[in-house]
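What you see is a predicted model; the values in this text were computed from it and never measured.
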Amino acid sequence: MKGLFIFSRRAAIFAAASMIAAGVVAPARAHSFLVEANPSSKDHVATAPKAVKLRFGGGVEPKYSKLSIEDASGKVLGEGANGVPDKPRELSMDAPELAAGKYVVRYRVLSTDGHIVEGSYEFTVDPK
């Protein structure tokens with residue numbers, strides 16, 4: 001009985017190693033969740049930002065991604081998604097002229113692992 005257990009364990013290890021070598025088992029990848037933003041969530045900035053820059057935990061596809069800035073009523077004031085080839089985890093967009101008030105940044109990005117990640121956050125332009 002012990003010999004059968006050793007044989008089946010070796011067979012299982014060999015099968016798993018063969019599948020990995022053949023590329024049947026895909027490597028684990030992290031989805032591209034938002035990890036940093038400028039301006040950041042709930043931020044109160046004294047002057048309106050010239051751009052919005054987001055950094056994600058994994059690579060993103062700028063061509064298939066979108067960032068937007070909305071005012072408090074939900075009106076889209078600007079949108080875009082510019083990538084930087086040597087920084088595959090970052091997207092940015094030029095910000096329109098923003099007056100004092102609350103704004104929402106929305107993003108919908110395609111991760112390089114094929115998953116779509118969506119979210120939003122608020123920031124406030126609050127001159128003192």
Side-chain angles (χ1 to χ4, degrees):
M1 184 64 105
K2 183 176 180 183
L4 182 60
F5 174 71
I6 291 171
F7 175 75
S8 62
R9 183 172 175 200
R10 283 185 185 158
I13 291 170
F14 177 75
S18 297
M19 289 174 64
I20 291 170
V24 175
V25 179
R29 296 183 189 172
H31 300 322
S32 296
F33 295 108
L34 184 65
V35 294
E36 185 178 351
N38 186 12
S40 64
S41 177
K42 309 252 190 255
D43 209 358
H44 284 257
V45 295
T47 58
K50 300 287 184 202
V52 170
K53 185 166 93 172
L54 306 182
R55 187 169 61 87
F56 296 87
V60 294
E61 298 285 351
K63 184 176 179 179
Y64 303 104
S65 301
K66 183 170 84 170
L67 310 178
S68 65
I69 299 176
E70 300 175 1
D71 64 14
S73 71
K75 179 181 176 188
V76 176
L77 303 175
E79 59 186 20
N82 302 313
V84 180
D86 61 336
K87 295 181 179 179
R89 295 178 178 201
E90 292 185 9
L91 290 176
S92 65
M93 69 168 279
D94 294 333
E97 292 291 324
L98 300 174
K102 190 176 282 192
Y103 297 93
V104 176
V105 173
R106 294 196 191 282
Y107 56 90
R108 184 175 198 272
V109 300
L110 175 63
S111 302
T112 54
D113 70 0
H115 290 90
I116 294 173
V117 177
E118 298 180 279
S120 64
Y121 69 90
E122 296 179 354
F123 73 93
T124 303
V125 176
D126 191 14
K128 296 178 181 185

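- Separating the CG atom in Leu54 from the CZ atom in Arg89 is a distance of 14.5 Å, to the nearest 0.5 Å.
- In this structure, Glu122 has no side chain to side chain donor-acceptor pair (under 3.5 Å) partners at least two apart in sequence or on a different chain.
- Between Pro62 and Gly83, the closest heavy-atom pair is CG-CA, 3.7 Å.
- Every residue two or more places apart in sequence or in another chain was checked for a side chain to side chain donor-acceptor pair (under 3.5 Å) with Thr47, and none qualifies.
- The closest side-chain heavy-atom distance from Val52 to Ile69 is below 4.5 Å.
- When side chains are defined from C-beta on, Tyr64 does not count as touching Val109, because their heavy atoms never get closer than 4.5 Å.
- Considering every non-hydrogen atom in both Val60 and Glu90, the closest pair reads CG2-O, 4.4 Å.
- In the hydrophobic clustering of ILVMFWY residues, with side-chain heavy atoms under 4.5 Å counting as a link, Phe123 and Leu77 come out together.
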Would you give me the side-chain donor-acceptor pairs under 3.5 Å for residues 93-104, sequence neighbours excluded?
from, atom 1, to, atom 2, distance (Å)
Tyr103, OH, Ala99, N, 3.1
Tyr103, OH, Ala99, O, 2.7

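- To the nearest 0.5 angstrom, Leu110 atom CG is 11.5 Å from Lys63 atom NZ.
- In this view, Glu70 and Arg106 satisfy the side chain to side chain donor-acceptor pair (under 3.5 Å) rule, not counting sequence neighbours.
- Taking Asp71 as the reference, Ser73 meet the side chain to side chain donor-acceptor pair (under 3.5 Å) condition, with sequence neighbours excluded.
- The minimum heavy-atom distance linking Leu91 with Ser65 is given by the pair CD1-CB, 3.7 Å.
- Partners of Lys66 by salt bridge (charged side-chain N to carboxylate O under 4.0 Å, His left out), not counting sequence neighbours, listed by chain and number: Glu79.
- The hydrophobic cluster containing Ile116 does not contain Phe33, counting ILVMFWY residues as joined when their side-chain heavy atoms lie under 4.5 angstrom apart, directly or transitively.
- Separation of the Tyr121 and Tyr107 ring centroids does not fall under the 6.0 Å cut-off.
- Annotation for Ser92 and Leu67: closest pair C-CD1, 3.8 Å, computed over non-hydrogen atoms.
- The backbone N or O of Glu36 lies less than 3.5 Å from no partner atom in the side chain of Arg55, so there is not a single donor-acceptor pair.
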